[in-house]
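By convention in this document, chain letters (A, B, ...) are assigned in the order of the sequence lines, proteins followed by strands, and residues within each chain are numbered from 1.
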Protein chains: 2
Amino acid sequence: MGVAQRRAREKDELRRKILGAAAELFLEEGYQNVSMRKIAERIEYAPSTIYLHFQDKVQLVGYLCTETFAELDRRLEDIMELGLSPLETLRKSLRAYIDFGREYPSHYIFVFCTPESLFKNIEKESCQAVYGCGMSSFERLKAGLAECMHAGVIREADLELTAQSTWLMIHGITAGLVTCTSFPFVDKELLIEHSLDRIVGSLQ
Amino acid sequence: MGVAQRRAREKDELRRKILGAAAELFLEEGYQNVSMRKIAERIEYAPSTIYLHFQDKVQLVGYLCTETFAELDRRLEDIMELGLSPLETLRKSLRAYIDFGREYPSHYIFVFCTPESLFKNIEKESCQAVYGCGMSSFERLKAGLAECMHAGVIREADLELTAQSTWLMIHGITAGLVTCTSFPFVDKELLIEHSLDRIVGSLQ
DNA sequence: CAGAATACTGAACAGTGTTCAGTAAATCAA
DNA sequence: TTGATTTACTGAACACTGTTCAGTATTCTG
């Protein structure tokens, strides 16, 4: 009975259409610009239809972020497979992280710069998906640092502490550049490389 | 004619009441929790009355942030006047910055972690007040770094570049700790001190 | 062809920031 | 003490927001 399969396919198609319309709005102006009614109008369905596919707005945008952060993960994986030295790999990974955030500011801001108070009356499940977005890339950072320690190219220290501290720093670079768009930063390329020099240097 | 003065005083009193009610709501749950109707109810006035004292919600919350960031400025000034060595002063200032952010998460997040797309249809004037909140403390950081360079306790380098890079890093510590409240950080005290070691160390 | 399952909608609820005509009170000039 | 004017304030409305749910219309099944 191919009916069930066709139905599932149609359901998935509509789901993708919703995600597509939401992605457009999200890319344009971030989370606040995504509205159920705007999505509904773009895909020519009633707003309530969206709730047959997603339990709330956070889950919907969360899916967009999960998908996009998977791209970061792929990039980090690609770097790992280049066969560079542990330190070069680490440095390239940190740089890729910053570049990713600057390429997808809406996603980065939503995942890492949104106060959790915004998720007050939201299903726990939806929120956890958002929190989880960056976890895999953090694990990669930790692994990269572990390799450097093992190779003896950075100082031996508590891995978790070192990883969290390092993440906080590159998060600062990324978040600062991405949210404070009207701050008169010096040449951003120079600023990033200088900061990476300091961050990596302070590991040695 | 004392009438005009009394009127001005009464106007200022109501203004302060509005700010007071807004401050409560802002402290509790951040910007999203501040609503004109909630404020109005607390002070027993109509919502529209608020607009006789503030041109929009951003300006209202912006005033709260300006006032609170002045407190950071005082703290940094106090540290400067302790007569410590340039490096100790710098370190204490960075620490005070992070502590401030953790003490006033709503203010810190609103000023530094809010995407500017949220201020789309808002009066420019209101937004500029928000952007300006942290400027004075950034200037102090720059001055502190200049003193260190002058004293020869940190490496000589482009001051603006060094200051921006340093700010991005402590911003990362602050913002990360304050927004990612459900991330399983290691002991935060240790994490902050370790990160400061690295940040200050990478200046030398 | 009747009945069950599925897909979808329209209207409503409760909230948001903001505007503005209109009212009520206080002050001033005659 | 009037009448005019200024000031303070409000209520209702506008245009949005996320979300829910009874009800309809369509499609598939036995």
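Ranked by how close their nearest DNA chain D nucleotide is to the 5' end, A:Thr49 and A:Val34 are led by A:Val34.
If you take CG of A:Leu52 and C1' of D:dA25, they are 14 Å apart, rounded to a whole angstrom. In this structure, B:Glu10 places its CD atom 13 Å from C1' of C:dT27, rounding to the nearest Å. Distance CG (A:Asn121) to P (D:dT19): 10 Å, rounded to an integer number of Å. If you take CE of A:Met36 and C1' of C:dT9, they are 15 Å apart, rounded to a whole angstrom. For the pair B:Tyr45 OH and D:dG11 P, the interatomic distance rounds to 13 Å; values are reported in whole Å. For A:Arg9 and C:dT6, the CZ to P distance is 18 Å, given to the nearest whole Å. When rounded to the nearest whole Å, the span between CD1 of A:Ile122 and P of D:dG18 equals 10 Å. Here D:dC16 presents its P atom at 11 Å from NZ of B:Lys120, a figure rounded to the nearest Å.
For B:Ser48, counting side-chain heavy atoms from C-beta on, the closest listed nucleotide (C:dA7, D:dT19, C:dC20) is C:dC20. Taking the side chain of A:Tyr51 as heavy atoms from C-beta on, and the options C:dC8, D:dT20, C:dA26, the nearest nucleotide is D:dT20. Among C:dT18, C:dT9, D:dG18, the nucleotide with an atom closest to any side-chain atom of A:Ser35 is D:dG18.
Using a 4.5 Å cut-off on side-chain heavy atoms (C-beta onward), B:Tyr104 and B:Phe69 make no contact. Within the 4.5 Å cutoff, the side chain of A:Arg91 has heavy atoms near those of the A:Asp197 side chain. When side chains are defined from C-beta on, A:Leu94 counts as touching A:Thr166, because their heavy atoms get closer than 4.5 Å.
For A:Arg37 and D:dT19, the shortest distance from a side-chain N or O to OP1 or OP2 is not below 4.0 Å. Residue A:Lys57 has no polar side-chain atom (N or O) positioned under 4.0 Å from OP1 or OP2 of D:dT19.
Counting any heavy atom pair closer than 4.0 Å across all strands shown, A:Asp56 reaches sugar-phosphate atoms only and no base atom. At the heavy-atom level, B:Leu14 lies under 4.0 Å from the strands shown only through sugar-phosphate atoms.
Using a 3.5 Å distance cut-off with no hydrogens or angles, the side chains of A:Ser93 and A:Arg140 do not pair a donor with an acceptor.
A:Tyr51 OH to A:Ile18 CD1: the interatomic distance, rounded to the nearest 0.5 Å, is 11.0 Å.
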